[in-house]
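The chains referred to below are lettered A, B, ... by the order of the sequence lines, with proteins before strands, and numbering in each begins at 1.
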2 protein chains.
Amino acid sequence: MTEKKLQYIEEAGMAFELFGMTRMAGRILGYLIVCDKESVSFNEIMDALKASKGSISGTTKQLITIGFVEPVSLPGDRKTYYRISNLKVGSILKARIQLFLKFADVLDKGRSLKEKNDRVSEWTLEVSSFYKWFGDEIDLVLQKWEREKENIIKQKTEDNENKL
Amino acid sequence: MTEKKLQYIEEAGMAFELFGMTRMAGRILGYLIVCDKESVSFNEIMDALKASKGSISGTTKQLITIGFVEPVSLPGDRKTYYRISNLKVGSILKARIQLFLKFADVLDKGRSLKEKNDRVSEWTLEVSSFYKWFGDEIDLVLQKWEREKENIIKQKTEDNENKL
DNA sequence: CATTATGTTCAATATTTACTGAACAGAATG
DNA sequence: CATTCTGTTCAGTAAATATTGAACATAATG
């Protein structure tokens with residue numbers, strides 16, 4: 001593993017902390033992204049990240065649960081291997097939107113406890129309504145992405161080539 | 001403050017932790033939502049939440065910085081009062097989307113460090129492209145909301161009345 | 001100018017959370 | 001069945017973060 005890649009892995013760790021994930025989870029994802037292997041074993045991860053067995057065990061489980069990583073089994077090999085899963089963009093986004101719906105519920109509950117119908121209750125009503133509406137609207141957005149993505153990605157690839 | 005409201009304030013504290021905010025920030029917002037006053041003083045917040053001066057001071061500042069709370073000054077009164085600000089739904093959402101753009105950057109950087117063009121680099125390219133596209137697309141979604149919100153909120157209000 | 005009111009700052013403490021490492025369990029191998 | 005390999009569990013520790021509380025700054029009041 002090159003110095004640059006090791007450095008990237010730490011950056012990924014920090015970045016994923018912003019999403020409420022642990023630094024170790026970010027490191028593992030970062031490693032799986034840059035390692036240039038189809039899949040890697042438990043011990044490879046441990047060695048690459050210089051972390052404890054317990055930490056790798058717990059964190060890979062977490063990553064599998066939320067769907068970013070998937071375990072791979074190979075014939076004639078008792079080890080489990082791990083790789084980045086082909087998680088759909090929609091499902092990553094939708095998981096995040098669940099948080100907004102929770103937020104909307106809290107606002108609604110707050111409004112129901114008020115004795116007055118005032119500026120604040122109008123605000124909580126609008127914000128809550130928006131997030132609930134948005135939760136449905138997102139499906140339309142994702143459909144649009146499916147229609148347009150081929151062109152958008154091709155364009156992006158060409159842009160990168162022009163930069164060289 | 002009724003028992004139910006005090007309980008709600010704690011719930012709000014927990015809920016806002018899910019957003020990476022502190023529990024105290026959630027409590028303050030919860031209190032401002034249910035207190036049924038136009039604005040409340042520093043000491044009212046302190047007493048209602050039974051928290052320290054330092055904590056209220058620091059947390060109100062945070063909430064003001066991110067725009068959820070605004071300070072209010074009243075004539076003939078040297079105290080500062082605080083209230084929920086009329087933060088636009090769009091700005092709350094857009095702040096969150098910044099995180100996704102950061103996520104996309106990390107994926108791009110990871111791809112640039114790879115020696116192979118493989119399944120993983122295709123995945124990071126697609127996910128990153130999506131979030132960058134989505135960052136622009138969101139403006140269209142917000143425009144649609146502005147056009148439709150009046151009807152949607154009216155509908156929601158009627159639904160609530162029918163439940164009674 | 002002394003006193004009171006309002007809030008800020010920051011070092012100390014409490015609390016939460018992540019991580020380690022050693023003991024353990026189960027499954028494959030010889 | 002003993003041994004090795006692979007991974008899990010969990011108590012203890014380390015590290016990060018939130019909260020307190022006392023000292024301090026500033027501005028208003030008498």
Side-chain angles (χ1 to χ4, degrees), chain A residues 6 9-32 37 39-66 68-83, chain B residues 6 9-32 37 39-66 68-83:
Chain A
L6 288 173
I9 289 168
E10 294 305 315
E11 277 178 49
M14 304 293 288
F16 282 88
E17 276 186 322
L18 297 177
F19 283 80
M21 301 169 65
T22 66
R23 188 173 300 185
M24 193 59 77
R27 286 200 193 101
I28 292 179
L29 282 176
Y31 175 61
L32 293 178
K37 291 178 178 175
S39 62
V40 299
S41 72
F42 189 99
N43 278 314
E44 281 178 295
I45 300 175
M46 239 181 78
D47 295 344
L49 307 188
K50 298 190 199 326
S52 69
K53 283 178 101 172
S55 190
I56 302 301
S57 175
T59 310
T60 49
K61 286 267 172 289
Q62 275 180 48
L63 286 168
I64 290 168
T65 303
I66 61 178
F68 273 92
V69 165
E70 60 189 16
V72 180
S73 200
L74 298 181
D77 190 336
R78 62 164 112 166
K79 288 203 269 297
T80 304
Y81 293 80
Y82 303 88
R83 64 176 194 178
Chain B
L6 288 173
I9 289 168
E10 293 306 315
E11 276 177 49
M14 304 293 288
F16 282 88
E17 275 186 325
L18 298 176
F19 283 81
M21 301 169 64
T22 66
R23 188 172 299 183
M24 192 59 76
R27 287 200 193 100
I28 292 178
L29 282 176
Y31 174 61
L32 292 179
K37 290 176 179 176
S39 62
V40 298
S41 72
F42 189 101
N43 277 313
E44 280 179 295
I45 300 176
M46 240 181 77
D47 295 345
L49 307 188
K50 298 192 200 324
S52 69
K53 284 178 98 172
S55 191
I56 302 301
S57 174
T59 311
T60 50
K61 285 266 172 291
Q62 276 180 47
L63 286 168
I64 290 168
T65 301
I66 61 179
F68 273 93
V69 165
E70 60 189 15
V72 180
S73 200
L74 298 181
D77 189 336
R78 62 163 111 167
K79 287 202 270 296
T80 304
Y81 292 79
Y82 303 88
R83 63 177 197 178

Engineer: Once you round to the nearest 0.5 Å, how far does CE of Met46(A) lie from CD1 of Ile28(A)?
Structural biologist: 11.5 Å
Engineer: Want to settle it: does Gly76(B) or Arg23(B) sit nearer the 5' end of DNA chain D, counting the closest nucleotide to each?
Structural biologist: Arg23(B)
Engineer: Figure out the CG/C1' separation between Asn43(B) and dG7(C), and round it to whole Å.
Structural biologist: 9 Å
Engineer: Run the side chain to side chain contact (heavy atoms under 4.5 Å, CB included) check on Leu29(A) and Phe16(A) step by step: do they pass?
Structural biologist: CA-CA 9 Å; Leu29(A) 282 176; Phe16(A) 282 88; 3.6 Å; yes
Engineer: I'd like to check Met21(B) versus Leu63(B) (side-chain heavy atoms, cut-off strictly below 4.5 Å). Are they in contact?
Structural biologist: yes
Engineer: Calculate the interatomic distance between Asp77(B) atom CG and dT6(C) atom C1'; express it in whole Å.
Structural biologist: 10 Å
Engineer: Could you tell me the separation between the NZ atom of Lys79(A) and the C1' atom of dA28(C), rounded to a whole number of Å?
Structural biologist: 13 Å
Engineer: Any base atoms under 4.0 Å from Thr22(B), or only sugar-phosphate, or nothing? Heavy atoms, all strands.
Structural biologist: sugar-phosphate
Engineer: What is the distance, to the nearest angstrom, from the NZ atom on Lys61(B) to the C1' atom on dT8(C)?
Structural biologist: 8 Å
Engineer: Evaluate the side-chain proximity of Val72(B) to Tyr82(B): yes if any heavy-atom separation is below 4.5 Å, no if none is.
Structural biologist: no
Engineer: Detail all sub-3.5 Å separations between protein N/O atoms and N/O atoms belonging to nucleotides 20-26 of chain C.
Structural biologist:
| from | atom 1 | to | atom 2 | distance (Å) |
| --- | --- | --- | --- | --- |
| dT20(C) | OP2 | Ser52(A) | N | 3.1 |
| dT20(C) | OP2 | Ser52(A) | OG | 3.2 |

Engineer: Can a donor-acceptor pair be found, under 3.5 Å and without considering hydrogens, that links the side chain of Ser57(B) to the backbone of Lys53(B)?
Structural biologist: no
Engineer: Check every nucleotide of DNA chain D for an atom under 4.0 Å from a heavy-atom of chain B, then give the first and the last such nucleotide from 5' to 3'.
Structural biologist: dA18(D) to dT29(D)
Engineer: Measure from the side-chain N and O atoms of Ser55(B) to the backbone N and O of Ala51(B), and report whether any donor-acceptor pair falls under 3.5 Å.
Structural biologist: no
Engineer: Given side chains that start at C-beta, do those of Lys37(B) and Val40(B) come closer than 4.5 Å, heavy atoms only?
Structural biologist: yes
Engineer: I'd like to check Leu49(A) versus Met24(A) (side-chain heavy atoms, cut-off strictly below 4.5 Å). Are they in contact?
Structural biologist: yes
Engineer: Base, sugar-phosphate or nothing for Thr59(A)? Non-hydrogen atoms, less than 4.0 Å.
Structural biologist: nothing
Engineer: Classify the nucleic acid contact of Ser41(A) as base, sugar-phosphate or nothing, counting any heavy atom under 4.0 Å across all strands shown.
Structural biologist: nothing
Engineer: Less than 4.0 angstrom from a charged side-chain N to a carboxylate O is my criterion; do Arg23(B) and Glu10(B) meet it?
Structural biologist: no
